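This report concerns only the one structure given below.
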Amino acid sequence: FNTSPAVIFDAALIEKFKKCALAVDLASAPGGFDMEAAEELGANVVTALSLPGKSAPQSAAEILYETVINILKEQE
């Protein structure tokens with residue numbers, strides 16, 4: 001599962017995936033996978049970009065809010 005909204009899974013990394021692996025990209029656009037490379041390599045990548053925000057926006061916002069508040073408290 002990927003939630004990074006920047007392409008971090010390039011061809012070199014995707015090539016290391018097992019053929020039976022399933023990758024799910026949940027990040028905001030542009031997503032974290034080089035989809036052209038994934039397709040060329042036959043990787044099984046499902047794109048569901050921004051799914052948490054689309055399916056449960058209030059819950060997603062509450063979780064993000066609590067996370068940011070906790071990070072700020074830790075930095076005090």
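Residues: numbered from 1 along the sequence shown. These figures come from a predicted structure and were not determined experimentally.
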Does anything in residues 44-76 pair up under ring pair (Phe, Tyr, Trp, His ring centres under 6.0 Å), and if so which pairs, sequence neighbours excluded?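 Those involving residues 44-76 do not exist here.
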
Shared ILVMFWY cluster between Leu26 and Leu22, side chains joined below 4.5 angstrom?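 Same cluster.
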
Do Val45 and Phe1 sit in one hydrophobic cluster, given that two such residues count as connected whenever their side-chain heavy atoms are within less than 4.5 Å of each other, even indirectly?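 Val45 does not cluster with Phe1.
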
To the nearest 0.5 angstrom, please state how far the [atom1] atom of [X] sits from the [atom2] atom of [Y].
X     : Y     : atom1 : atom2 : value
Glu39 : Asp34 : CD    : CG    : 10.5 Å
Ile71 : Lys73 : CD1   : NZ    : 12.5 Å
Leu49 : Asn2  : CG    : CG    : 9.0 Å
Glu36 : Asp10 : CD    : CG    : 13.0 Å

Backbone of Gly32 reached by a side-chain donor or acceptor of Asp25 within 3.5 Å: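 Flag set: sc Asp25 to bb Gly32 pair under 3.5 Å.
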
Which atoms form the tightest heavy-atom contact between [X] and [Y], and what is the distance?
X     : Y     : result
Ala27 : Ser4  : CB-O, 3.1 Å
Ala29 : Ser50 : N-OG, 4.3 Å
Leu41 : Lys19 : O-NZ, 3.3 Å

May I ask you to decide if the ring planes of Phe33 and Phe9 are parallel, tilted or perpendicular, using 30° and 60° as cut-offs?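 Ring orientation of Phe33 relative to Phe9: parallel.
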
Take a 6.0 Å sphere around CD of Glu62 and say whether it holds more than 12 heavy atoms from other residues, nucleotides or ligands.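 Enclosed.
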
Ile8 and Leu13, any side-chain heavy atoms less than 4.5 Å apart: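 With C-beta onward as the side chain, the pair stays apart.
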
